[in-house]
Amino acid sequence: MGWNSWNFFFDKVTDKDIRAAADQLVATGMKDAGYNYINIDDTWEGQRDASGLLHTNSKFPDMKALADYVHSKGLKIGIYSGPGPKTCGGYEGSLGHEEQDAQMYASWGFDYLKYDACSFIPEVMEKQAPHDKAEQMRIMQAAYVKMGKALKATGRPIVYSLCQYGWDAPWEWAPAAGGNLWRSTGDVQPNWDRIAVIGFSQAGLEKYAGPGHWNDPDMLEVGNGNLTLAENRAHFSLWAMLAAPLLAGNDLPNMKPEIKAILTNRDVIAIDQDKLGKQGTRGYAEGEVEVWTRHLAGGGLAVAVFNTADNGRFASHPFHLDLAKLGLHGPQKGKDLWTGKPVTLTNNEPIEMASHDVLLVRIDAPK
Ligand code: GLA
């Protein structure tokens, strides 16, 4: 869990913004709720000198001092690069300098690296194996293995985040490359359609996730764009069901109370961070209503009902929950994690749901 600069600042991020984000993570209580990484995304890079050493650009005058500052807040800090000659933003990549860069991140005190394919695809994969997709994928995997080894060789524990948008089933090979998380989709955007496409496409990947190695459906857009409160809640709930890395990406110094309430909902965070580490999946779908479950440590079950439709389901035609399809029999006592109130789910229960909203229930003793 943590915060990453990209989804709000994009290429505008500066040293000052990173410090402010670290301050706010502490001041808002997000750190206490579990968010403990501050990750700098793309656009910090400057030029390499004659020895190949990569310097920062003027937005980041002193990375070591910045890392020390973030650490002084009791937080960890992450950085960004890629295997290609250039990053997605057109800044210097790590191609041919993997060991040197890894050593530099370690010497600055970084704890996390997001490694983004981008120009590696046209500049290396497609040039080296123009008509051979399978060979291109082998080349890509080798590049990720290379950086994985370089990070390991630093002797510093550095979380390794693979970002190649889910090409060639990274869940099958990323753990062996040293990956702790791997993007399983293309980029998220702060709109419901994109969030829903990404989130609900994760069904079936649950068997690849577990403690220390996670599917990453991309960072959170909670609090960004024009997402409604229902959409923010549903997005956060879905990511929690997916055991997804929770990397907030909003404007922390100007966070609205209702957004803070979503991002710091301890009950929902507890689903995401559940010790069993078992990613949830689709129980069933009925039209545009999605019903997902996630098994929890201690035998509990989280049930999430999402209305993905642009229109609602109300008393005239509510959604009827079929518990048997979830392997449940009889009334299930639980807690509604968004109202905080006790709730009992009964078979065929009529549920009224606004557009893009969610009902998220934790059942401690499912039957
Ligand atoms: C890619 C990644 C994003 C972000 C940008 C930065 O699009 O998927 O998450 O890191 O590059 O340029």
Side-chain angles (χ1 to χ4, degrees), residues 1-15 17-18 21 35 37-47 54 56-57 59-60 63 77-95 101 105 110-126 140 143-144 147 151 158-171 174 177 179-191 194-195 197-199 201-202 205 214-225 227 235 239 242 244-251:
M1 293 174 69
W3 176 90
N4 171 294
S5 60
W6 186 254
N7 284 353
F8 179 73
F9 287 103
F10 300 98
D11 58 337
K12 303 282 184 297
V13 67
T14 65
D15 174 286
D17 299 321
I18 297 295
Y35 296 85
Y37 282 86
I38 288 280
N39 293 347
I40 306 168
D41 208 277
D42 200 359
T43 80
W44 63 266
E45 309 88 338
Q47 299 302 319
L54 180 57
T56 55
N57 62 43
K59 297 191 296 149
F60 289 89
M63 273 303 192
I77 185 161
I79 198 159
Y80 168 102
S81 189
K86 298 283 177 206
T87 66
C88 289
Y91 290 72
E92 278 303 298
S94 290
L95 183 66
D101 286 359
Y105 309 143
F110 276 84
D111 308 295
Y112 185 116
L113 173 69
K114 172 174 168 182
Y115 206 48
D116 193 350
C118 254
S119 73
F120 191 77
I121 301 167
E123 295 301 328
V124 179
M125 288 155 59
E126 288 171 2
M140 177 174 61
Y144 278 94
M147 184 49 98
L151 291 176
I158 298 177
V159 171
Y160 187 25
S161 158
L162 277 65
C163 177
Q164 42 78 275
Y165 338 111
W167 278 35
D168 209 32
W171 40 88
N180 301 108
L181 60 157
W182 50 86
R183 281 274 297 279
S184 47
T185 70
D187 286 14
V188 71
Q189 290 157 11
N191 67 72
R194 186 64 188 151
I195 288 165
V197 162
I198 287 181
S201 75
Q202 301 299 290
L205 296 186
W214 306 101
N215 292 303
D216 172 13
D218 206 358
M219 304 175 289
L220 293 168
E221 292 282 16
V222 174
N224 288 339
L227 293 174
H235 173 24
W239 264 233
L242 294 172
L246 296 182
L247 291 169
N250 58 324
D251 181 11

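Indexing begins at 1, ligand by ligand and atom by atom, following the structure's order. Reckoned from all heavy atoms, side chains included, excluding hydrogens, waters and symmetry mates. Here, residue 1 is the first one in the sequence, and each next residue gets the next number.
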Donor-acceptor side-chain pairing of W182 and N215 below 3.5 angstrom:
yes

Within the 4.5 Å heavy-atom criterion, are T43 and W6 side-chain neighbours or not?
yes

Is there a side-chain contact between Q164 and F120, using heavy atoms and a 4.5 Å cut-off?
no

Y112 and ring pair (Phe, Tyr, Trp, His ring centres under 6.0 Å): which partner among Y160, Y37, W3?
Y37

P170 versus R183, closest heavy-atom pair with distance
CG-O, 3.6 Å

Which parts of the protein, at residue level, reach under 4.0 Å of ligand 1 through a heavy atom?
W6, D41, D42, Y80, C88, G89, K114, D116, C163, Y165, R183, D187, M219

For residues P217 and V188, determine if any side-chain heavy atom of one lies less than 4.5 Å from a side-chain heavy atom of the other.
no

